[in-house]
Amino acid sequence: MKQARAYPQVTVTPKAQRSLAAGHPWVYEGEVLSVLPAPPAENGGLVDVVTEKGRYIGTGFYSAESRIRVRLFSRNANDRFDQAFWKRRLQYAWDYRKAVLRPEELSCCRIVFGEADFLPGLTVDRFEEVLVTQTLSVGIERLKPMLFAALLEILQADGIKIAGIFERNDVALRLREGLSEGKGWFPIAGQMPPSKTVTEICENGVRYLVDFENGQKTGFFLDQKYNRQAVAQLARGKRVLDCFTHTGSFALNAAKGGAEHVTAVDVSQAAVELARQNALRNGLADRMDFLAENVFDLLPRLEAGGGHPYDFIILDPPAFTKSRKTIDSALRGYKEINLRAMKLLPRGGYLATCSCSHFASEALFCRMLQSAAADAGVQLRQLEARQQAPDHPILWNVEETNYLKFYLFQVV
């Protein structure tokens, strides 16, 4: 006799069934045929997803307000979703990082990457003794006290003491889940949170101050870890322009790699000041200068000045699109900066260029680069094509986890 299930059932369309069968974990609002029993399932609660014939597909979080109505996290009808289940999920995530990163890199890494770790809507970054989290689904929000406690236990078992958990929930995506925005320390029993929201980390031998309260995302972009190493290796003896430098990560790696001189540019004065502090912290300030300027204004101005003041240009812009509706506009923006950089570089110069928007697919990004090169009258000789660091794993069939495109070219 078939065992009765404890969760409401969400019946989905054939389209959703095909998507789920292919490995994607989301069910959209328009793909829901019914939710039984009525009234609809509790917001953030667990539901079983089934076909019209009642065949079990998986279990996930139900979101009554989001366009993403269900986020699957299990496809095993025998799973029991108790505390032990969630602790195993977190342990798998941590064990994976220990397998793919060097021991010294674990003090500064992404521990949980949402859907790629089958913890939909949860991000956890470690910056030494501080964890910085984002909870972007209502289901994860409801479970976070248990999840955070379990993660602390897992890390403690490896001798890692965490001084505090800082939540960066100042993200508009939470509003779509019916959640409020905000940021602050998550209470840990028996502990007072740190008094500061700036900490020091070391990545690739470069030390940084990370403002995890006010910096972009969780305070630092960990996904470019190995791409920065590639830039450092190429930068020796070169005059480098690092555009969209944020707090100076690519610029500092280039300088540490032996660049003759590095100019770091960002539109944010606060980011530039932090980058300057990071240069002083690493003893690299004598080979660096910093500009608070819009890159879209700077590159045409440099081009108009004539000559080739730089022989290595790095383009690491923020995501120009977070929606399919604005892809065309984003690609125009990407083309503008890449075209200008190609014109500005001498023949034989080097270009590092990337996009962190999954909507700007690899095919679209490459087509844009080809168009920019044609308009600039140059050819591109590819050195490397790279992606995000492995602590941001790519789950095949979940395109949202495959977002970072990074290319190194020589302009010939």
Side-chain angles (χ1 to χ4, degrees), residues 93-94 96-113 123-133 151 155-156 158-166 168 193-236 240 242 244-259 262 264 266 270-288 290 314 316 352 386 388-392 404 406:
W94 178 237
Y96 167 79
R97 271 71 187 180
K98 290 194 292 183
V100 300
L101 299 178
R102 294 186 290 269
E104 65 271 20
E105 295 172 331
L106 293 170
S107 63
C108 174
C109 70
R110 176 152 294 184
I111 296 177
V112 178
F113 185 39
T123 297
V124 181
D125 285 344
R126 181 187 175 196
F127 300 122
E128 297 291 345
E129 293 187 341
V130 174
L131 300 181
V132 183
T133 69
L151 184 54
L155 296 176
Q156 188 173 19
D158 275 350
I160 297 168
K161 173 68 173 176
I162 297 299
I165 298 174
F166 194 85
R168 281 298 302 268
S195 58
K196 297 180 180 179
T197 56
V198 176
T199 191
E200 183 180 88
I201 64 170
C202 184
E203 181 196 82
N204 299 342
V206 180
R207 291 182 297 154
Y208 303 90
L209 286 175
V210 174
D211 181 349
F212 52 82
E213 179 180 15
N214 301 305
Q216 294 182 31
K217 301 289 186 179
T218 61
F220 190 78
F221 296 104
L222 296 165
D223 51 2
Q224 296 271 28
K225 186 194 323 276
Y226 297 143
N227 298 336
R228 294 179 189 122
Q229 287 182 356
V231 161
Q233 183 176 340
L234 189 60
R236 180 173 297 278
V240 180
D242 179 26
F244 310 96
T245 194
H246 189 223
T247 55
S249 56
F250 274 110
L252 290 162
N253 275 266
K256 189 174 178 63
V262 181
D266 199 277
V272 165
E273 288 305 316
L274 199 51
R276 185 178 283 112
Q277 291 181 48
N278 286 332
L280 290 167
R281 204 170 201 84
N282 288 276
L284 298 169
D286 61 331
R287 282 183 283 136
M288 301 182 71
F290 302 87
I314 303 162
D316 179 26
R386 306 177 63 91
Q388 63 243 40
D391 53 344
H392 297 63
L404 183 60
F406 183 94

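Computed from a predicted structure; not experimentally measured. Any value given below was found using the heavy atoms of this structure, including those in side chains, with hydrogens, waters and symmetry copies removed.
At a threshold of 4.5 Å between non-hydrogen side-chain atoms, the residues Ile160 and Trp94 count as touching. The shortest side-chain heavy-atom distance between Leu101 and Pro390 falls under the 4.5 Å cut-off. Considering only heavy atoms from C-beta on, Val130 stays 4.5 Å or farther from Ile162 through its side chain.
Nearest heavy-atom pair across Leu280 and Ala285 is CD2-CB, 3.6 Å. Nearest heavy-atom pair, Arg287 versus Ala255, reported as atom, atom and distance to 0.1 Å: NH1-O, 2.6 Å. The two atoms that bring Ala251 and Ala264 nearest to each other are CB-CB, 3.8 Å, heavy atoms only. In plain terms, the two heavy atoms of Ala254 and Val262 that are nearest each other are CB-CG2, 4.1 Å. Here the shortest heavy-atom pairing between Lys256 and Gly205 reads CE-O, 3.4 Å. Residue Cys108 comes nearest to Cys202 through the heavy atom pair CB-O, 4.3 Å, listed as atom of the first residue, atom of the second, then distance.
For the atom pair CZ (Arg207) and CG (Leu284), the distance works out to 10.0 Å, reported to the nearest 0.5 Å. Put simply, OG on Ser249 and CZ on Phe221 are 8.5 Å apart, with the number rounded to the nearest 0.5 Å. To the nearest 0.5 angstrom, Thr247 atom OG1 is 8.0 Å from Leu252 atom CG. How far OG1 of Thr123 is from NZ of Lys217: 9.0 Å, rounded to the nearest 0.5 Å.
Residues forming a side chain to side chain donor-acceptor pair (under 3.5 Å) with Asp391 (at least two apart in sequence, or on another chain): none. Applying the side-chain contact (heavy atoms from CB on, under 4.5 Å) criterion to Glu128, with sequence neighbours excluded, gives Ser107, Ile201. Partners of Phe406 by ring pair (Phe, Tyr, Trp, His ring centres under 6.0 Å), not counting sequence neighbours, listed by chain and number: Phe250. Under the side chain to side chain donor-acceptor pair (under 3.5 Å) criterion, Arg386 pairs with Asn227, Glu384, not counting sequence neighbours. Every residue two or more places apart in sequence or in another chain that forms a side-chain contact (heavy atoms from CB on, under 4.5 Å) with Val124 is listed here: Ile111, Val112, Leu122, Leu131, Thr133, Leu151.
Salt bridge annotation for Arg97-Glu105: absent, with no cationic side-chain nitrogen under 4.0 angstrom from a carboxylate oxygen.
Each of Tyr226, Tyr96, Phe113 was compared with His392 under the ring pair (Phe, Tyr, Trp, His ring centres under 6.0 Å) criterion, and only Phe113 meets it. Exactly one residue among Val132, Thr197, Val198 makes a side-chain contact (heavy atoms from CB on, under 4.5 Å) with Glu213. That residue is Thr197.
Residues Thr245 and Asp266 bring no donor and acceptor atom of their side chains to less than 3.5 Å of each other. For the 3.5 Å distance criterion, the side chains of Gln224 and Asp316 qualify, holding a donor opposite an acceptor. Thr218 and Arg168 share no side-chain donor-acceptor pair at under 3.5 Å.
The neighbour count for Lys225 NZ, taken as heavy atoms of other residues, nucleotides or ligands under 6.0 Å away, is above 12. Taking a 6.0 Å sphere around NZ of Lys196, one finds it holds 12 or fewer heavy atoms contributed by other residues, nucleotides or ligands.
Separation of the Tyr208 and Phe220 ring centroids falls under the 6.0 Å cut-off.
A donor-acceptor pair under 3.5 Å is absent between the side-chain atoms of Arg228 and the main chain of Asn204, judged by distance alone.
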How far apart are the C-alpha atoms of Leu155 and Lys161, what are their side-chain angles, what is the distance that settles it, and do they pass the side chain to side chain contact (heavy atoms under 4.5 Å, CB included) test? CA-CA 7 Å; Leu155 296 176; Lys161 173 68 173 176; over 6 Å; no
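Residue pairs satisfying the side-chain hydrogen bond (donor to acceptor under 3.5 Å, both in side chains) criterion with at least one member in residues 272-281, sequence neighbours excluded, are listed as follows: Glu200-Arg281, Gln269-Glu273, Glu273-Arg276.
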